Peer 1: 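I have a structure here, written as C-alpha cells, and I will follow up with some questions on it.
Read the numbers this way: they start at 1 and go in the same order the structure lists the ligands and their atoms. All values reported here derive from a predicted model rather than from experimental measurement.
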Amino acid sequence: MTDTVQIVLARRPAGDVTADCFREETVDLGAPAEGQILIRSRYLSLDPYMRPRMTELRSYTPPFELDKPLTGGSVGEVVESRNPKFAKGDVVMGMLNWATHTLHDGRGLRRIDPSVAPLSAHLGVLGMPSFTAWYGMKHICKPNAGETVFVSAATGAVGQVAGQLAKLAGARTVGCAGGEEKCAWAVREAGYDACFDHKAERDAGAVLDTLCPQGIDADFENVGGRIFHAVFERMNNFGRIAFCGAISEYQDQTPMAGPTKMFTIVQRRLTIQGFIVSDHVALMGDFVNEVGALVKSGQLKARETVVDGLGKAPSAFMGLLRGENFGKLVVKVA
Ligand code: NDP
C-alpha cells in the first residue's frame with residue numbers, strides 16, 4: 001500500500017487558470033507491478049507549456065486528461081524497483097505526476113548524478129529550459145559579435161540563459177522583463193546591456209528605438225503579442241527570429257493577430273523558425289558539455305524560485321502565468 005498525494009486536473013480553464021482547475025487527492029497506488037518502479041518526487045518543474053496542455057486545443061503534446069494527475073519534468077528517488085534498469089536509491093529525472101509518488105515503467109527516465117549539482121538545477125540551468133535557450137540561440141539566432149540580440153521574458157528560466165549566451169558570443173543584448181527588480185538583475189548579473197520593464201512601458205516600439213538604435217539582428221521570442229510586433233518591425237536585413245514561445249497568448253481568449261506587413265519577411269530576408277526543444281535531444285550531450293562548463297566556471301548565472309510543498313503547485317503555476325516567478329520555478333516536493 002502506498003498512499004500518494006496527487007494534484008489532478010479538475011476542470012479545463014477558459015481564460016485565466018483558477019484554483020478550481022485543480023483538485024488535491026490522496027490515493028493508494030498499490031505496489032509496483034513487474035517492470036515498474038515507485039518513485040518519490042523531490043522536485044517538480046512548473047513550465048508555461050503546461051497551460052496549453054490544460055486545454056483540448058491541438059498542440060505538440062497531448063492535453064492533460066480530466067481527473068488524472070497533471071505531469072511535469074521532475075527529479076525523484078527510486079524507493080522500490082521491479083525494473084532491472086533501476087535500483088532502489090537511484091535518482092532519476094523525467095516526466096512524473098504532480099504527486100508525492102509515481103508508479104512508472106521507466107521509459108523516458110534518465111538516471112542523474114546528485115553530486116554534480118543541486119537537484120533543482122537539473123530542471124533549470126542544466127535541464128530543459130536551459131537546453132531550449134542553448135538550442136534556439138546557437139542554432140537559430142546564431143549571434144555574431146557586435147550584433148544586437150533581443151530576448152523577451154529576459155529573466156525567466158529560458159530567457160536568462162539565452163541572454164547570457166548571446167552576450168558570451170559578443171552580441172549586444174537587450175531584453176524585457178516584468179518589474180524593476182528583474183530588469184536590474186538582468187543588467188547587473190546576467191550582463192544584458194539594457195532591459196526594459198514591459199509592465200511599465202506601454203510603447204515597446206519607442207523603447208526599442210532608444211535601446212536598439214542599430215535595429216535588431218536576432219530575436220529570441222518567448223512572449224509574442226505586442227512586444228513581438230514591435231521587435232518584428234525593427235528586425236534588420238538577414239535577421240533571425242527563434243520563435244520559442246508566446247506566453248502572452250496562452251491565457252488570452254482573443255489573442256492579437258500577427259504582424260500585418262508580412263512582406264517585411266521578404267524585404268529584410270528574415271528567417272523565422274519555431275522550434276520545440278524535444279525534437280533536438282540528439283544534441284543534449286553537446287549542450288551539457290558547453291553549458292555545464294559555463295555553469296561550473298561561474299560564467300553563466302541562473303536564478304530560481306523554489307516553492308515548498310506540492311500543495312502550493314497550483315498557486316505557484318498561476319503565479320508563473322502572471323510573472324510572479326523569478327527565474328526557473330520549481331516545487332520542492334520532498
Ligand atoms: P518563465 O520562467 O520565464 O515564466 C514565464 C515568464 O513569462 C513570467 O515569469 C513572466 O515574466 C513572463 N510573462 C508571463 N506572462 C507574460 C505576458 N503576458 N507578457 C510578457 N511576459 C509575460 O518561463 P520559461 O522561461 O520556462 O518559458 C519562456 C517561454 O519559452 C514560454 O513562452 C514557454 O512556453 C517557452 N518554452 C518553449 C520551449 C520550446 O521547446 N519551444 C521550451 C521551454 C519553454 P515577466 O515578469 O518578465 O513578465
Side-chain angles (χ1 to χ4, degrees), residues 15-17 44-54 59-61 72-73 120 123-125 127-137 139-141 150-165 175-186 190 192 195-202 204 219-231 241-256 272-281 283-284 287 302-307 316-331:
D16 287 359
V17 178
L44 164 69
S45 171
L46 296 180
D47 298 277
Y49 76 84
M50 293 167 168
R51 174 62 185 84
R53 287 196 73 189
M54 293 174 83
S59 188
Y60 58 93
T61 41
S120 58
L123 301 173
V125 71
M128 184 278 283
S130 191
F131 183 31
T132 304
W134 175 86
Y135 180 82
M137 193 50 74
H139 292 275
I140 303 174
C141 287
F150 181 78
V151 180
S152 48
T155 62
V158 174
Q160 61 181 345
V161 176
Q164 291 179 81
L165 292 178
C176 71
E180 275 178 31
E181 193 195 353
K182 288 184 180 180
C183 290
W185 183 87
Y192 281 86
C195 184
F196 72 89
D197 177 358
H198 69 86
K199 290 182 175 162
E201 298 284 356
R202 296 315 297 171
D219 171 39
F220 194 105
E221 190 53 52
N222 288 318
V223 165
R226 67 181 186 91
I227 295 167
F228 173 65
H229 283 213
V231 169
I241 298 175
F243 223 109
C244 176
I247 194 168
S248 70
E249 297 180 9
Y250 298 170
Q251 307 226 81
D252 196 343
Q253 291 185 291
T254 51
M256 68 191 290
I272 305 180
Q273 188 177 334
F275 70 104
I276 296 297
V277 68
S278 52
D279 293 333
H280 305 287
V281 282
L283 297 173
M284 190 78 183
F287 155 73
R303 292 265 316 213
E304 61 175 21
T305 298
V306 182
V307 174
F317 181 64
M318 290 185 274
L320 175 137
L321 296 167
R322 291 190 295 265
E324 288 169 11
N325 61 309
F326 194 155
K328 178 68 204 125
L329 176 60
V330 291
V331 178

Peer 1: Quick check: does Asn222 get an N/O under 3.5 Å from an N/O on ligand 1?
Peer 2: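 Yes; at least one N/O pair falls below 3.5 Å.
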Peer 1: May I ask you to identify the nearest protein heavy atom to atom 47 (O) of ligand 1, giving residue, atom name and distance to one decimal place in Å?
Peer 2: Gly178 N, 2.8 Å
Peer 1: Between ligand 1 and Val277, is the shortest N or O to N or O distance under 3.5 Å?
Peer 2: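 Among all N and O atoms of Val277, at least one is under 3.5 Å from an N or O of ligand 1.
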Peer 1: Looking only at protein heavy atoms, which one is nearest to atom 25 (O) of ligand 1, and what is the separation?
Peer 2: Val158 N, 2.8 Å
Peer 1: Heavy-atom contacts with Cys244 under 4.0 Å: which atoms of ligand 1 show up? List them by number with element.
Peer 2: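 What qualifies from ligand 1 is 30 (O), 35 (C), 36 (N), 37 (C), 38 (C), 39 (C), 41 (N).
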Peer 1: Of all the atoms in ligand 1, which lie at a distance below 4.0 Å from a heavy atom belonging to Gly327?
Peer 2: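 Going through ligand 1 atom by atom, the ones under 4.0 Å from Gly327 are 2 (O).
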Peer 1: Give the numbers and elements of all ligand 1 atoms closer than 4.0 Å to a heavy atom of Ala157.
Peer 2: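 Those of ligand 1 that fall under 4.0 Å from Ala157 are 1 (P), 2 (O), 3 (O), 25 (O), 26 (O).
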Peer 1: Measure Glu324 to ligand 1 on non-hydrogen atoms and call it side chain, backbone, both or neither using the 4.0 Å cut-off.
Peer 2: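 Contact part for Glu324 vs ligand 1: neither.
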Peer 1: Pick one of side chain, backbone, both or neither for how Ile227 approaches ligand 1, counting any non-hydrogen atom pair under 4.0 Å.
Peer 2: neither
Peer 1: Counting only heavy atoms closer than 4.0 Å, does ligand 1 sit against the backbone of Ala246, its side chain, both, or neither?
Peer 2: backbone
Peer 1: Test your reading of the structure: does Tyr49 have an N or O sitting under 3.5 Å from an N or O of ligand 1?
Peer 2: no
Peer 1: To which protein heavy atom is atom 42 (C) of ligand 1 closest, and what is the distance rounded to 0.1 Å?
Peer 2: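 The protein heavy atom lying closest is Thr132 OG1, 3.3 Å.
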Peer 1: Just which atoms of ligand 1 are under 4.0 Å from any heavy atom in Val223?
Peer 2: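 That gives atoms 19 (N), 20 (C), 21 (N) of ligand 1.
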Peer 1: Examine Ala153 against ligand 1 and note whether any of their N/O atoms are separated by less than 3.5 Å.
Peer 2: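 No.
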Peer 1: Of the protein's non-hydrogen atoms, which lies at the shortest distance from atom 15 (N) of ligand 1, and what is that distance?
Peer 2: Leu321 O, 3.6 Å
Peer 1: Please state which option from Glu304, Arg226, Lys182 has its nearest heavy atom closest to atom 46 (O) of ligand 1.
Peer 2: Lys182
Peer 1: Look only at interatomic distance and state if Arg322 has a nitrogen or oxygen under 3.5 Å from any nitrogen or oxygen of ligand 1.
Peer 2: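 No; every N/O pair is 3.5 Å or more apart.
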Peer 1: Please walk me through it: do Phe243 and Phe228 pass ring-ring contact (aromatic ring centres under 6.0 Å, His included)?
Peer 2: CA-CA 10 Å; Phe243 223 109; Phe228 173 65; 4.9 Å; yes
Peer 1: Would you say the side chain of Val306 lies within less than 4.5 Å of the side chain of Lys328, judging by non-hydrogen atoms?
Peer 2: no
Peer 1: So that I can tick it off, tell me whether Arg51 and Asp16 are bridged by a salt bridge, with the cut-off set at under 4.0 angstrom between side-chain N and carboxylate O.
Peer 2: no
Peer 1: At under 4.0 Å between heavy atoms, which part of Lys328 makes contact with ligand 1: side chain, backbone, both or neither?
Peer 2: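 For Lys328, no heavy atom sits under 4.0 Å from ligand 1.
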Peer 1: Can you tell me the protein heavy atom closest to atom 5 (C) of ligand 1 and the distance?
Peer 2: Ile247 CD1, 3.5 Å
Peer 1: Pick one of side chain, backbone, both or neither for how Ala177 approaches ligand 1, counting any non-hydrogen atom pair under 4.0 Å.
Peer 2: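 For Ala177, backbone and side-chain atoms both sit under 4.0 Å from ligand 1.
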Peer 1: Quick check on contacts: which atoms of ligand 1 are under 4.0 angstrom from a heavy atom of Phe275?
Peer 2: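 The list of qualifying atoms is 39 (C), 40 (O), 41 (N).
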Peer 1: Distance under 4.0 Å to a non-hydrogen atom of Met128: what atoms of ligand 1 satisfy this?
Peer 2: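 Near Met128, the atoms of ligand 1 are 42 (C), 43 (C).
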Peer 1: Out of all atoms in ligand 1, which are within 4.0 Å of some heavy atom of Ser248? Include the element for each.
Peer 2: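 Those of ligand 1 that fall under 4.0 Å from Ser248 are 17 (C), 18 (N), 19 (N).
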Peer 1: Is ligand 1 under 4.0 Å from a heavy atom in the side chain of Tyr250, in the backbone, in both, or in neither?
Peer 2: side chain
Peer 1: Identify, for atom 2 (O) of ligand 1, the protein heavy atom at the shortest distance, and state residue, atom and that distance.
Peer 2: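 In this structure, atom 2 (O) of ligand 1 has Asn325 ND2, 2.9 Å as its nearest protein heavy atom.
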